[in-house]
Amino acid sequence: IKRLYDEDRNYKDVILLAERILARERFMHANTVSHVRFIYCQSLARVKSVKFFDEVRKVSEPDRSFLQGFYYRLAGKYQQAEKHLLDANRKKRDPRTIGELVLVYMQSDEYEKAFELARGNYKNRSSNPINANSYFSCLIIKKRTAENRIELESIQRRLATDPSDRSQEMADSMMARIIAYYDEDEEKAMDLIDSAILRHQETVYPLLTKADLAVHFQNGDKLREAVSKLEIATGPNAQSFRTFIKFKAFLLAIDGKPQEAQDLIDKELSGMIPTALQRLKERI
């Protein structure tokens, strides 16, 4: 089950297998049942199944609050996600819960709230690519100082030594972002990210980076290229869907359609933290 969830991301098969096991839970050790039910609930949240709410009631605290926060983050309801995750963190301070809070704040464009949490998680476990990427993403939008660039390059180099596909795609994107944000070299940054897109065609992450760079340089053509590919690769249930919606809204604004951009945000991103939603609208 763990391999299906972590490596294969085959959530439907996780659900089928977990249900077969949990049907016989009275014959199993309580710790095994708890572990299976936790991953079962995560998978139900991933596929947005209504079974989630019945099953999560059977999970003890603080895992129940964590899973509720996880569900609402995936659903784009960031205020509710923050509430449940803060409850979980008060009951037990856990790097996993802090990592989820970081994602909630980042996906709500609340990078100041995310920064210290992301830095702490990275310092405690720098080998984790998600921790590295979260800290990098928070740090790169801070003041462009020599000290910060050294730290950003250190994160990128460390991640680049990890041969896993996930780490390599993140490291490639990081280098393109450093060149864009610190050197303001649009041509080189775009060349780097286009090469990364070719190398990592099975993932949308480099495409999201290309869209981010296009917004940074206010390059409508490059943003259109990224958005058109993301539209094909990103469905409503994808984790990256709401990030894609932001870039689509920016493209509408660049194309002189600010009202359509605002309408899209109101329709798809209403679950954002209100202050973050207002800042996004002001940027549009």
How far apart are the C-alpha atoms of Gln262 and Asp266, what are their side-chain angles, what is the distance that settles it, and do they pass the side chain to side chain donor-acceptor pair (under 3.5 Å) test?
CA-CA 6 Å; Gln262 299 277 1; Asp266 287 335; over 6 Å; no

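- Side chains of Tyr105 and Glu82: a donor-acceptor N/O pair is present below 3.5 angstrom, by distance only.
- Judged by distance alone, the side chains of Glu61 and Ser65 do bring a donor and an acceptor atom under 3.5 Å apart.
- Atom CG of Leu117 is separated from atom CG of Asn131 by 11.5 Å, given to the nearest 0.5 angstrom.
- The backbone N or O of Gly120 sits less than 3.5 Å from a side-chain atom of Asn124, completing a donor-acceptor pair.
- For the pair Arg177 and Tyr181, the distance from NZ or CZ to the six-membered ring centre is under 6.0 Å and the angle to the ring normal is within 45 degrees.
- Using a 4.5 Å cut-off on side-chain heavy atoms (C-beta onward), Asp212 and Phe247 make contact.
- Counting heavy atoms from C-beta outward, Val102 and Phe115 have side chains that stay 4.5 Å or more apart.
- Between Lys142 and Glu112 there is a salt bridge, since a side-chain N of the basic residue sits under 4.0 Å from a carboxylate O of the acidic one.
- In this structure, a donor-acceptor pair under 3.5 Å is absent between the side chains of His84 and Glu100.
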Given salt bridge (Lys or Arg N to Asp or Glu O under 4.0 Å), test Arg37 with Glu19 step by step and report yes or no.
CA-CA 9 Å; Arg37 180 165 278 118; Glu19 286 175 347; over 6 Å; no

What verdict does the side chain to side chain contact (heavy atoms under 4.5 Å, CB included) test give for Tyr182 and Leu152, after you've listed the backbone C-alpha separation in whole Å, the side-chain angles of each residue and the deciding distance to 0.1 Å?
CA-CA 10 Å; Tyr182 276 76; Leu152 289 164; 3.4 Å; yes

Is there a side chain to side chain contact (heavy atoms under 4.5 Å, CB included) between Arg224 and Asp255 once you walk through the steps?
CA-CA 10 Å; Arg224 189 170 290 102; Asp255 285 344; 2.5 Å; yes

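- How far CG of Leu74 is from CD of Gln107: 8.0 Å, rounded to the nearest 0.5 Å.
- Judged by distance alone, the side chains of Asp172 and His200 do bring a donor and an acceptor atom under 3.5 Å apart.
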Is there a side chain to side chain contact (heavy atoms under 4.5 Å, CB included) between Ser34 and Val59 once you walk through the steps?
CA-CA 7 Å; Ser34 295; Val59 178; over 6 Å; no

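- The only option from Arg57, Lys51, Lys58 that meets the salt bridge (Lys or Arg N to Asp or Glu O under 4.0 Å) definition with Glu55 turns out to be Lys58.
- Ile141 and Ile179 fall into different hydrophobic clusters, where Ile, Leu, Val, Met, Phe, Trp and Tyr side chains are chained together by heavy-atom contacts under 4.5 Å.
- In this structure, the side chains of Glu187 and Asp191 come closer than 4.5 Å at one or more pairs of heavy atoms.
- At distances below 3.5 Å, at least one donor-acceptor pair connects side-chain atoms of Gln168 with backbone N or O atoms of Ala160.
- At a threshold of 4.5 Å between side-chain heavy atoms, the hydrophobic network of Ile, Leu, Val, Met, Phe, Trp and Tyr places Ile15 and Leu4 in one connected group.
- A donor-acceptor pair shorter than 3.5 Å can be found between the side chains of Glu151 and Tyr135.
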Could you walk me through whether Glu116 and Arg119 pass the salt bridge (Lys or Arg N to Asp or Glu O under 4.0 Å) test, one step at a time?
CA-CA 5 Å; Glu116 289 299 336; Arg119 180 165 64 177; 2.8 Å; yes

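- When atom types are taken as modelled, the side chain of Asp8 and the backbone of Asn10 share no donor-acceptor pair closer than 3.5 angstrom.
- Contact of the Val204 side chain with the Lys229 side chain is not registered, since no non-hydrogen atoms from C-beta on lie closer than 4.5 Å.
- We find that Arg279 and Asp109 are not joined by a salt bridge, their nearest charged nitrogen and carboxylate oxygen being 4.0 Å or further apart.
- Dense packing is recorded around NZ of Lys281, with more than 12 heavy atoms of other residues, nucleotides or ligands lying under 6.0 Å away.
- The two atoms that bring Met28 and Arg24 nearest to each other are CG-O, 3.6 Å, heavy atoms only.
- If you look at Phe136 and Tyr122, their ring centroids are not closer than 6.0 Å.
- Judged by the 6.0 Å distance and 45° axis criteria, Lys222 is not positioned over the aromatic ring of Phe217.
- Within the 4.5 Å cutoff, no side-chain heavy atoms of Lys92 are placed close to those of Thr97.
- To the nearest 0.5 Å, atoms CD1 (Ile254) and CG (Leu223) are separated by 5.0 Å.
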One pair to check against salt bridge (Lys or Arg N to Asp or Glu O under 4.0 Å): Lys83 and Asp87. What are the steps and the verdict?
CA-CA 6 Å; Lys83 174 185 177 300; Asp87 285 345; 3.6 Å; yes

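- At most 12 non-hydrogen atoms from other residues, nucleotides or ligands lie less than 6.0 angstrom from CD of Gln218.
- Panel note: side chain Ser228, backbone Glu225; a donor-acceptor pair is recorded below 3.5 Å.
- Between the OH atom of Tyr11 and the CZ atom of Arg46 there is a distance of 4.0 Å, given to the nearest 0.5 Å.
- More than 12 heavy atoms of other residues, nucleotides or ligands shown are found within 6.0 angstrom of NZ on Lys48.
- Taken together through direct or relayed side-chain contacts under 4.5 Å among Ile, Leu, Val, Met, Phe, Trp and Tyr, Met106 and Met170 form part of one hydrophobic cluster.
- The two residues Asp183 and Arg149 have their closest heavy-atom pair at OD1-NH1, 2.6 Å.
- For the pair Asp63 and Arg96, the salt-bridge criterion is met [side-chain N within less than 4.0 Å of a carboxylate O].
- Distance check, rounded to the nearest 0.5 Å: CD1 of Ile265 to CZ of Arg242 gives 14.0 Å.
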Evaluation steps, salt bridge (Lys or Arg N to Asp or Glu O under 4.0 Å), between Lys210 and Asp194
CA-CA 8 Å; Lys210 180 172 181 173; Asp194 282 337; 2.9 Å; yes

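- Here the closest non-hydrogen pair linking Phe241 and Glu268 is CE2-OE1, 3.6 Å.
- Thr203 contributes atom OG1, which lies 9.5 Å from atom CG of Asp165 (distance to the nearest 0.5 angstrom).
- Phe66 and Tyr72 fall within the same hydrophobic cluster, where Ile, Leu, Val, Met, Phe, Trp and Tyr residues are linked whenever their side-chain heavy atoms come under 4.5 Å apart, directly or through other members.
- The two atoms that bring Ala132 and Leu159 nearest to each other are CB-CD1, 4.2 Å, heavy atoms only.
- In this structure, Glu202 and Glu169 have side chains that are in contact, with non-hydrogen atoms separated by less than 4.5 Å.
- If you check the side chains of Tyr205 and Asn133, you find a donor sitting under 3.5 Å from an acceptor.
- With a 6.0 Å radius and a threshold of 12 heavy atoms from other residues, nucleotides or ligands, Arg283 has its CZ atom at or below the threshold.
- Val227 has its side chain out of reach of Phe250: every pair of non-hydrogen atoms, C-beta onward, lies at least 4.5 Å apart.
- Judged purely by distance below 3.5 Å, without hydrogens or angles, the side chains of Asp162 and Ser167 pair a donor atom with an acceptor atom.
- Pro206 and Ile197 make their closest contact through CB-CG1, 3.6 Å (heavy atoms, listed as atom of the first residue, atom of the second, distance).
- A heavy-atom distance below 4.5 Å is found between the side chains of Thr275 and Glu110.
- Put simply, Met175 and Leu213 are part of two different groups of oily side chains (I, L, V, M, F, W, Y) that touch within less than 4.5 Å, one to the next.
- The two residues Ala176 and Ala189 make their nearest non-hydrogen contact at O-CB, 3.5 Å.
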